[in-house]
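Worth saying up front: this structure is predicted, and the values here are computed from it rather than measured. In the text below, chain A, chain B and the rest are named by the order of the sequence lines, each starting its count at 1.
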Amino acid sequence: MASVETVFLSGDQWLKNWLFSWGMPESWVFLCTVVVYAVAVLLFVFANVIFLVYLERKVAGYMQQRLGPNRVGPGGIFQCVADALKLLGKEDIIPASADRGLFRLASLLIFIPATMLFVVIPFGREMIVADLNVGLLYFIAVGSTATIAVLMGGWSANNKYSLLGSMRAVAQMISYEIPLAFSLLGVIMLAGSLRMSEIVAAQKDLWFVVLQPVAFITYFIAATAELNRGPFDLPEGEQEIIAGPFVEYSGMRYALFFLAEYANLVSVSALAVTLFFGGWQGPWLPSWLWFVIKVYFMIFLFMWVKWTFPRIRVDHLMGLAWKFLLPVSLVNVFVTGTAIKLFQAMGW
Amino acid sequence: MSGVYGEGLLKGLGITIRHFFGKAITEQYPERRPKLAPRFHGLLSLDPTKCTACGTCANFCPNGVIRIKSERDEQKRRHLTGYEVNLLYCLFCGLCVEACPEGALRFTPHFELATYRRAGAIYDLYALSREAAGERRAAGG
Ligand code: SF4
Ligand code: SF4
């Protein structure tokens, strides 16, 4: 079991030793490992996204009492490969009236923060690319920059539906950023740190979801809105503004938006696992496997919600963020702070 | 309106999760054949021994689907030589079947009528029925 547990770590160590044996200076070895980490993270993201597209369609199918894709390969498992090939083969159309530079840039820019988020996620014991002392802050800060890419995409397409969609996206993402950050505050107060590894370590005996159920629920709702997923998928709103900011995108550029969306789903679920479900900690199984299992449980929760609830109205959406989630998360912060002080006073 | 705030949400989640673990209700078509009603309107079929080539069916058809070819023999009796239906325009309304005074037309449960070319949707029911009869004779004798 120990070897399975540390398979990635020993691989990393082996790589470093191998590079050193070539007589490489330390800074070069460091650079090489950074490249390897980046490739590993990208692979993890791509593999998950491809699987998630399939999973989403399957889950949606089962929840609607049908089977979902089942034609390509056993159980339709190659459906996403076929879809990816189709998207790769499509023509990359840029509308005549679009701002070409911005239009191209937006599709690339959306993907960068989505992958950057994985840098601070602890995938397993000591398996974290960069254990920043402001890990959580980094996550929220980088995550919120995705809004700019969405706005760029919607604006540069020069299409009213795109613009409407991206305006909605920006309004929604900025509004929900606030309850999201406040809901995390309770966890930070309990862990006493913004460093991901310390937050995980603080949940050794008790997961924070037990101590912070309100924070978890507010996080879950705000994260769903951040992801622009149903029931908060107004920016996309297929029935009214077609696909929102992505209307004019085609082929691989569209796929990049799609990819970013699912990459964000993984990262938001990973953050939820890290903050509320004890991260990679668990008995018997290797830590990275625990992490994946928990992340997929969270993803299933997101999908379950998406395929259950109808889309919310736009004024209700804003009302929910400002009049309900924000006060609730503030009260939660206050109660948590008071409780911590009380327990300290009682000498726990 | 009753109960706790959010009860409806939980109820909805309960329904979808039950569906998730329940059985699919959709028909898995190519593997499982549909059970068709006895009076299902599929491909038309003609009994050439009954048909008198009177043309009533063609007159009743709202879309001009049916084209009848016939010739007269020495006693000036009409004989059917061809009966073409262009299914591209057929509504499967059944007016032709109802109108036939001899009961020569009927519907079959054959419904997989998609073709690659438009010409494939034109069926000569007379030729088809003679072929079928020939096969039956061959199988019987
Ligand atoms: S079913 Fe209706 S449309 Fe078709 S051939 Fe008969 S009368 Fe015409
Ligand atoms: S109405 Fe009946 S008998 Fe007359 S031509 Fe049509 S199929 Fe034949």
### Query
Tell me, do B:I15 and A:M63 make a side-chain contact under 4.5 Å, heavy atoms counted?
no
### Summary
Nearest heavy-atom contact between A:L67 and B:A24 is CD2-CB, 3.7 Å
### Message
Just checking B:Y123: does its OH atom have more than 12 heavy atoms from other residues, nucleotides or ligands closer to it than 6.0 angstrom?
### Response
yes
### Message
Any heavy-atom pair between the side chains of B:T26 and A:Q65 that's under 4.5 Å?
### Response
no
### Task
Evaluate whether atom CZ of A:F334 has more than 12 neighbouring non-hydrogen atoms of other residues, nucleotides or ligands under 6.0 angstrom away.
no
### Query
Are more than 12 heavy atoms from other residues, nucleotides or ligands located less than 6.0 Å from atom CZ of A:F297?
no
### Query
Would you find more than 12 non-hydrogen atoms of other residues, nucleotides or ligands less than 6.0 Å from B:F107 atom CZ?
yes
### Task
Below 4.5 Å from any heavy atom of chain A, which atoms of B:Q28 appear? Answer side chain, backbone, both or neither.
side chain
### Summary
CZ (A:R66) and NE2 (B:H19) are apart, to the nearest 0.5 Å, by 13.0 Å
### Message
With rounding to the nearest 0.5 angstrom, report the CG to OG1 distance, B:L9 to A:T308.
### Response
9.5 Å
### Message
Take a 6.0 Å sphere around OH of B:Y89 and say whether it holds more than 12 heavy atoms from other residues, nucleotides or ligands.
### Response
no
### Query
For B:R117, does the CZ atom sit with more than 12 other heavy atoms under 6.0 Å from it, leaving out its own atoms?
no
### Query
Ignoring hydrogens and geometry, is there a side-chain-to-backbone donor-acceptor pair from A:W307 to B:T16 under 3.5 Å?
no
